[in-house]
Amino acid sequence: MFLFTTVAAYRSQRRAWQGKTVALVPTMGALHEGHRALIRHARSVADVVVVSIFVNPLQFGPQEDLAAYPRPKEQDLASCEALGVDAVFYPHPSEMYPDGPEPLTRVIPPASMTEHFCGAFRPGHFEGVATVVLKLFSIVQPDVAVFGEKDAQQLAIIQKMTHDLNVPVRIVPHPTLRDERGLALSSRNQYLKTPQEQEAALCLSQILFGAQQALAEAGGSLPAKETLDRLQAAVLAPWECSPVSVRVQYLAAVDPVTFQPVAQLRPGVRVLIAAYVNQVRLIDNCLLT
Ligand code: PAF
């Protein structure tokens, strides 16, 4: 497995892969089973698999602790090696942003896609994500790039960017991995310390699965707001008098491509949720069938 820390070193190897298909899995490291599924999927769709590991300062807000973000380098490299990754691109921030954060040309996704949901609570976040992803595409020159559906807003914004800017990379979404109780895999799950917090975290998927079940029972469509409000109340009721607090930050139904809210639950609509379990912020979503 190659380990590249500079653009120039990577590029010379990229020339040697001429004629082969290259898949990129962009990550910020701290690889877990969800990332490993993306890497395995990449392995099945291309000749060469490149994983980028870069904790992107541009997508962290002033209140978010960039310095505290985990960087288990040796463990991540061992995971990549074990999965048969061909190359890891592991740049230093000074390689990615030699002029620092200013002045910098940035990608500004449409406000209509960033002003709601995660974007509303993390100003500038998706601008930082879109900018680094476009840079990674320019550096790595992949034919395909694999992104998890867990970060559905990120995925929709990247799909829109590649479409609008004619970026010659096929975006391959990969379904969210869940544990046996339905909890979506995430690096943040490690912050759920007690069994009660772990139990409370299941509220997110219970609400989503409840929406899917309600739609299946109703057939056709259902009013989104009433249905989601009712499910939220029912799932959260047992936690009201508990020492573990569960606070929903947003719960909404959207068009999966434009990310605009929709009034009806129906097949093809994506339901999104973000909630705090004590201090731990979790997100999840599901595409209704
Ligand atoms: O999803 C992530 O880990 C990051 O947002 C990404 C796509 C690697 C960009 O830094």
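Just so it is clear, the values below take in all heavy atoms, side chains as well, and ignore hydrogens, waters and symmetry mates. For ligands, and for the atoms within them, numbers begin at 1 and follow the listed sequence. Because the structure is predicted, anything quoted here is derived from the model rather than measured.
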Phe4 and Phe2 aromatic ring geometry - parallel, tilted or perpendicular at 30°/60° bounds: parallel
Residues Asp143 and Thr21: side-chain donor-acceptor under 3.5 angstrom: no
Glu81 (side chain) donor-acceptor with Ala78 (main chain) under 3.5 angstrom: no
Atom indices of ligand 1, in the order listed, that fall short of 4.0 Å to a heavy atom of Gln154: 1 (O), 2 (C), 4 (C), 5 (O), 7 (C)
Proximity to ligand 1 by part of Thr27, non-hydrogen separation under 4.0 Å: backbone
Shortest protein heavy-atom distance from atom 3 (O) of ligand 1, along with the residue and atom involved: Met28 CG, 3.6 Å
Contacting atoms of ligand 1, where contact means under 4.0 angstrom from a heavy atom of Gln59: 4 (C), 5 (O), 9 (C), 10 (O)
Phe54 ring center near Phe89 ring center (under 6.0 Å): no
Check against salt bridge (Lys or Arg N to Asp or Glu O under 4.0 Å), Arg122 and Glu127: CA-CA 10 Å; Arg122 303 182 74 185; Glu127 192 179 302; over 6 Å; no
Atoms of ligand 1, numbered as shown, that sit under 4.0 Å from any heavy atom of Val132: 9 (C), 10 (O)
